Amino acid sequence: MTFDITGRRIVSESALLAEYRRKLSADPVHEQRIRSVAHDTPPEELLDLLSVPPKKM
């Protein structure tokens, strides 16, 4: 990252894309969207096993 003569930050496109990809890979909503497009969504029974039951009071 550098600065131009007016003080604005100049960031390379590759650095911006790398940060964008890192944030996308950490986003569970994006991951689920990709899985649904690829038809790689686990069956409901598996999702039920993975869910956490609420605490009993």
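Worth knowing before you read on, the calculation uses all heavy atoms, side chains too, and leaves out hydrogens, waters and symmetry mates. All values derive from a computational prediction rather than experimental measurement. Position 1 is the first residue of the sequence; numbering continues from there.
For the atom pair CZ (R9) and CG (D4), the distance works out to 12.0 Å, reported to the nearest 0.5 Å. Atom CZ of residue R21 and atom CG of residue L16 lie 11.0 Å apart, to the nearest 0.5 angstrom.
Other residues, nucleotides and ligands contribute only 12 or fewer heavy atoms inside 6.0 Å of the OH atom of Y20.
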